[in-house]
Amino acid sequence: MKIIICHCYLLLALLLSTASAADGPLQPSYRFASIEYLLEQEVAREVIPQIYQGLGLNVEVLPLPGNRAQHAAVSGQLDGEVLRIWRYGDDNPTMLRVPTPYYYLETMAFVRADSGIVIREPKDLQPYRVVRVRGVKHTNNITAGLPRVRDVDSTKMMFELLRNHHADVALTNHLDGQIMMKRYHFENIMAMPTHLGHRVLYHYLHPKHARLLPVIDAEFKRLEDASELATIIKAAERRVIERQLLLE
């Protein structure tokens with residue numbers, strides 16, 4: 001046990017000294033944005049602080065609407081975002097993408113079970129009234145150019161519109177949709193059998209934290225190589241799902 005602990009401290013010392021030899025030590029605390037009300041973001045709120053804590057760094061995560069989260073991160077009001085798709089970095093080229101992805105999402109179409117609607121690929125959305133959570137990149141990209149798209153603030157609001165025949169198709173992450181259906185008893189809503197896109201997800205930093213990027217990327221890789229990252233994520237998913245199902 002002493003050898004393992006010693007190895008961890010040596011690794012931390014090496015990473016921090018490599019990243020900061022020229023400019024002094026890394027700052028000890030960071031504040032990141034997440035998108036509120038999305039399950040994958042709740043998982044990231046659990047995972048990112050734990051990874052930083054392993055390096056002796058503290059993290060606070062602030063849940064915000066998607067567009068506000070982006071503005072706060074890009075403007076430097078916050079230090080970055082916990083979880084975004086690859087395209088987020090293309091749309092915000094000043095932001096620094098940590099190269100190693102650590103999570104994923106599958107974009108799913110949800111419909112009323114009695115609607116007869118079948119969505120197999122994004123082009124099938126064209127004739128329908130589509131609802132999505134405001135500011136979420138993966139659903140924004142899939143619905144680009146569609147004529148009838150409505151933005152709302154939460155998955156629950158999407159499913160209420162769907163149930164009440166004010167929308168035909170709701171788009172969200174598969175796990176997020178499944179939990180919302182169970183939590184709020186949306187019994188006449190079902191997911192399509194195939195996803196519309198599988199996307200790996202990344203942690204993003206404001207450019208003022210360029211020296212932090214290789215430190216965090218090395219830790220992602222170390223945890224992945226040691227099969228610890230998957231364990232951390234699965235435990236985080238369990239905690240988030242349990243909390244969600246306990247809520248009224």
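From a predicted model like this one, the values you see are computed outputs, not experimental measurements. Any value given below was found using the heavy atoms of this structure, including those in side chains, with hydrogens, waters and symmetry copies removed. Along the sequence shown, residues carry numbers from 1.
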Check step by step if side chain to side chain contact (heavy atoms under 4.5 Å, CB included) holds for His166 and Glu160. CA-CA 8 Å; His166 297 305; Glu160 287 173 344; over 6 Å; no
Is the NZ or CZ atom of Arg199 both under 6.0 Å from the centre of the six-membered ring of Trp86 and within 45° of that ring's axis? no
Cation-pi, Tyr202 ring and Arg97 (6.0 angstrom, 45 degrees): yes
Would a hydrophobic clustering, with Ile, Leu, Val, Met, Phe, Trp and Tyr connected at side-chain separations under 4.5 Å, put [X] with [Y]?
| X | Y | result |
| --- | --- | --- |
| Met192 | Ile189 | no |
| Leu26 | Ile48 | yes |
| Leu38 | Val169 | no |
| Tyr128 | Phe159 | no |
| Ile142 | Ile117 | yes |

[Y] and [X], any side-chain heavy atoms less than 4.5 Å apart:
| X | Y | answer |
| --- | --- | --- |
| Asn58 | Gln53 | no |
| Pro101 | Leu201 | no |
| Val82 | Gln41 | yes |
| Leu83 | Glu40 | yes |
| Leu205 | Leu212 | yes |
| Val130 | Arg150 | no |
| Val133 | Asp176 | no |

Let me know which of Glu46, Glu42, Gln244 forms a side-chain hydrogen bond (donor to acceptor under 3.5 Å, both in side chains) with Arg239. Glu46
List the atom of [X], the atom of [Y], and the distance in Å for their closest heavy-atom pair.
| X | Y | answer |
| --- | --- | --- |
| His71 | Gln77 | NE2-NE2, 3.3 Å |
| Ala210 | Leu96 | CA-CD1, 3.5 Å |
| Arg84 | Gly66 | NH2-O, 3.0 Å |
| Pro49 | Val61 | CG-CG2, 4.0 Å |
| Glu36 | Pro65 | OE2-CG, 3.2 Å |
| Ile119 | Thr194 | O-OG1, 4.4 Å |

Using only heavy-atom distances, determine whether the side chains of [X] and [Y] contain a donor-acceptor pair under 3.5 Å.
| X | Y | answer |
| --- | --- | --- |
| Thr143 | Arg132 | yes |
| His138 | Thr107 | yes |
| Asp79 | His206 | no |

May I ask you to decide if the ring planes of Tyr30 and Phe32 are parallel, tilted or perpendicular, using 30° and 60° as cut-offs? parallel
Aromatic rings His174 and Phe110: how do their planes relate, parallel, tilted or perpendicular, breaks at 30° and 60°? parallel
Check this for me, if you would: do Arg87 and Asp91 make a salt bridge, where the nitrogen-to-carboxylate-oxygen distance has to be below 4.0 angstrom? yes
Can you confirm whether Lys182 is buried at NZ, in the sense that more than 12 heavy atoms of other residues, nucleotides or ligands lie under 6.0 Å from that atom? no
Nearest-0.5 Å distance, [atom1] of residue [X] to [atom2] of residue [Y]:
| X | Y | atom1 | atom2 | result |
| --- | --- | --- | --- | --- |
| Asn67 | Asn140 | CG | CG | 7.5 Å |
| Thr155 | Leu162 | OG1 | CG | 12.0 Å |
| Glu219 | Leu57 | CD | CG | 9.5 Å |
| Ile35 | Arg68 | CD1 | CZ | 12.5 Å |
| Met181 | Arg163 | CE | CZ | 13.0 Å |
| Arg45 | Leu62 | CZ | CG | 8.5 Å |

Please report the C-alpha distance between Leu171 and Leu196 in whole Å, then the side-chain angles of each, then the deciding distance to 0.1 Å, and finally whether the side chain to side chain contact (heavy atoms under 4.5 Å, CB included) criterion is met. CA-CA 9 Å; Leu171 298 176; Leu196 299 180; 3.9 Å; yes
Does Leu223 form a side chain to side chain contact (heavy atoms under 4.5 Å, CB included) with Ile51? I'd like the steps, not just the answer. CA-CA 9 Å; Leu223 291 169; Ile51 290 174; 3.8 Å; yes
In this structure, which one of Tyr88, Tyr103, Tyr52 forms a ring-ring contact (aromatic ring centres under 6.0 Å, His included) with His203? Tyr52
My understanding is that only one of Asp168, Val149, Leu146 makes a side-chain contact (heavy atoms from CB on, under 4.5 Å) with Leu125; could you say which? Leu146
As a quick check of understanding, evaluate side chain to side chain contact (heavy atoms under 4.5 Å, CB included) for Met190 and Val111, giving each step before the final call. CA-CA 6 Å; Met190 68 178 189; Val111 303; 4.1 Å; yes
